[in-house]
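Below, chains carry the letters A, B, ... as their sequence lines are ordered, and counting in each starts from 1. FYI, side chains are in, hydrogens and waters are out, and symmetry mates aren't considered; it's all heavy atoms of this structure.
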2 protein chains.
Amino acid sequence: MPSSPNISFVLHDVARLLRKRFEQRSRAFGLTRAQWQVLAYLSVHEGIHQNKLADLIEIMPITLARLLDKMEARGFIERRPDPADRRAWLLYLTPQAHPLIEVMRSNGRKTRDEAFAGLSADAQQQLLQTLCLIKSNLLEACTQPAVDREKVHV
Amino acid sequence: MPSSPNISFVLHDVARLLRKRFEQRSRAFGLTRAQWQVLAYLSVHEGIHQNKLADLIEIMPITLARLLDKMEARGFIERRPDPADRRAWLLYLTPQAHPLIEVMRSNGRKTRDEAFAGLSADAQQQLLQTLCLIKSNLLEACTQPAVDREKVHV
DNA sequence: TGATGATAATAAGCATGCTCACGAAAGTTT
DNA sequence: AAACTTTCGTGAGCATGCTTATTATCATCA
């Protein structure tokens with residue numbers, strides 16, 4: 001493992017460091033990476049249900065609910081009751097959230113520029129495609145049982 | 001953002017899904033992904049200090065300390081006092097941890113096989129190199145202040 | 001209509017990362 | 001030796017993921 005680095009661990013490290021760097025940059029604005037992701041998706045899907053948004057972002061609805069709690073408390077988003085379904089909420093940005101979008105987008109750009117320094121546009125495109133393939137492989141795999149019959153008796 | 005997927009978000013998603021899938025597989029053995037990483041590094045560095053191990057894995061010492069607390073409670077590792085430094089511990093695997101190593105390595109292999117299905121060995125090698133470059137960019141960047149002078153007055 | 005099942009959101013509790021802060025011991029300087 | 005500084009490990013507290021379970025509401029079908 002330490003001799004030749006394990007690609008999964010490196011991938012995990014990169015994700016962790018990306019988040020860390022992004023948050024070093026964004027702390028001053030009161031939004032974390034995850035909250036920024038919510039805001040970004042929400043900005044082009046205002047009026048969406050929590051469930052649908054969780055689907056889009058591909059996180060569990062409860063994970064999103066917790067994020068929204070914080071973002072609502074800080075005045076970035078608003079939950080309005082759905083007149084057609086008393087169980088559900090409709091999600092909206094508050095006016096004060098709008099100006100943040102450009103700022104955060106720029107923070108993301110800067111973090112990416114640091115991270116991908118030395119990578120050609122081609123290489124970045126290549127990387128993106130590879131990652132999308134892996135992601136779809138994993139989304140598929142995660143729906144399947146992972147019981148490992150050969151090993152379960154060990 | 002939803003039109004062309006953001007490479008940082010995809011990368012984050014892939015890392016999250018890799019962890020999720022690995023843990024679906026490994027839950028039966030009582031080790032999480034992070035704990036397995038500790039075990040893997042430790043298995044080739046027995047007798048190491050916590051600080052040095054945290055450096056190797058590139059996590060904060062406090063994060064490692066928490067992981068070790070759990071792993072010690074479950075009997076996977078052992079902290080022995082360092083005779084030369086009363087502040088420090090030396091880390092060792094317990095006998096019962098050894099047989100797990102091969103099992104977990106195989107779980108990692110299976111998870112990777114699922115994730116990287118459809119990627120040639122070349123493409124995987126390419127990906128690994130790209131990720132290592134990005135990681136080293138980020139490790140460098142994270143040590144630098146991230147104050148964003150143009151934006152701080154917004 | 002009235003029971004039965006699905007769905008929207010949340011609660012509880014765990015794991016893993018972080019920052020910030022602190023105590024104890026070690027090392028260094030005066 | 002005494003006073004500073006550094007280092008080792010950890011406590012407290014937060015954020016974001018997850019699994020599992022619960023409540024309220026909606027939809028369907030007998």
Base, sugar-phosphate, or nothing: which does B:Gln35 touch, judged by heavy atoms less than 4.0 Å apart?
sugar-phosphate
Could you tell me how far apart A:Asp85 (CG) and D:dA24 (P) are, to the nearest whole angstrom?
15 Å
Of the listed nucleotides (C:dA6, D:dT10, D:dC8), which one gets closest to any side-chain atom of A:Arg87?
C:dA6
Euclidean distance, atom CG of residue B:Leu68 to atom C1' of C:dG17 [Å, nearest integer]
15 Å
Distance from A:Met104 atom CE to A:Ser43 atom OG, nearest 0.5 Å?
12.0 Å
Pick the nucleotide of DNA chain C nearest each of A:Ala65 and A:Arg27; which residue has the one closer to the 5' end?
A:Ala65
Would you say A:Lys70 reaches D:dT16's phosphate, i.e. side-chain N/O to OP1/OP2 under 4.0 Å?
yes
Which class fits the ring pair B:Phe9 and A:Tyr41: parallel under 30°, tilted 30 to 60°, perpendicular over 60°?
parallel
A:Leu17 CG to C:dT19 P: how many Å, rounded?
11 Å
Can you see which heavy atom on B:Phe76 is nearest to which on B:Gly30, and at what distance?
CE1-O, 3.8 Å
Check this for me: does any side-chain nitrogen of one of B:Asp13 and B:Lys20 sit under 4.0 Å from a carboxylate oxygen of the other?
no
A:Ala115 and A:Leu18: which non-hydrogen atoms are nearest, and at how many Å?
CB-CD2, 3.9 Å
Between B:Arg19 and A:Lys52, whichever has its closest DNA chain C nucleotide further toward 5' is A:Lys52
Rounded to the nearest Å, what distance is computed from the CD1 atom of residue A:Ile62 to the P atom of nucleotide C:dA12?
10 Å
Figure out the NZ/C1' separation between A:Lys20 and D:dT16, and round it to whole Å.
17 Å
Side chain of B:Asn51 only, heavy atoms from C-beta on: which candidate in C:dG17, C:dT19, D:dT7 is closest?
D:dT7
Polar pair under 3.5 Å, donor/acceptor by atom type, side chain A:Arg86, base D:dT25:
no
For B:Ile59 and C:dC18, what is the distance between atoms CD1 and P respectively, to the nearest whole Å?
7 Å
Could you tell me whether A:Arg109 and A:Glu102 make a salt bridge, using a distance below 4.0 angstrom between a side-chain N and a carboxylate O?
yes
Which one, D:dT16, C:dT16, C:dA8, comes nearest to the side chain of B:Ala34?
C:dT16
Which nucleotide wins on minimum distance to the side chain of B:Thr63, given the candidates D:dT10, C:dC18, C:dA26?
C:dC18
note: A:Trp89, atom CH2; D:dT23, atom C1'; distance rounded to Å ~ 14 Å
B:His12 side-chain N/O to D:dG17 phosphate OP1/OP2 under 4.0 Å:
yes
Reckon A:Gln50 has a side-chain N or O less than 4.0 Å from the OP1 or OP2 of C:dT10?
yes
side-chain N/O B:Arg79 vs D:dT10 OP1/OP2, d < 4.0 Å:
yes
Got a donor-acceptor pair under 3.5 Å from the side chain of A:Arg66 to the base of C:dA12?
yes
Whole-Å distance between D:dG17 P and B:Leu18 CG?
15 Å
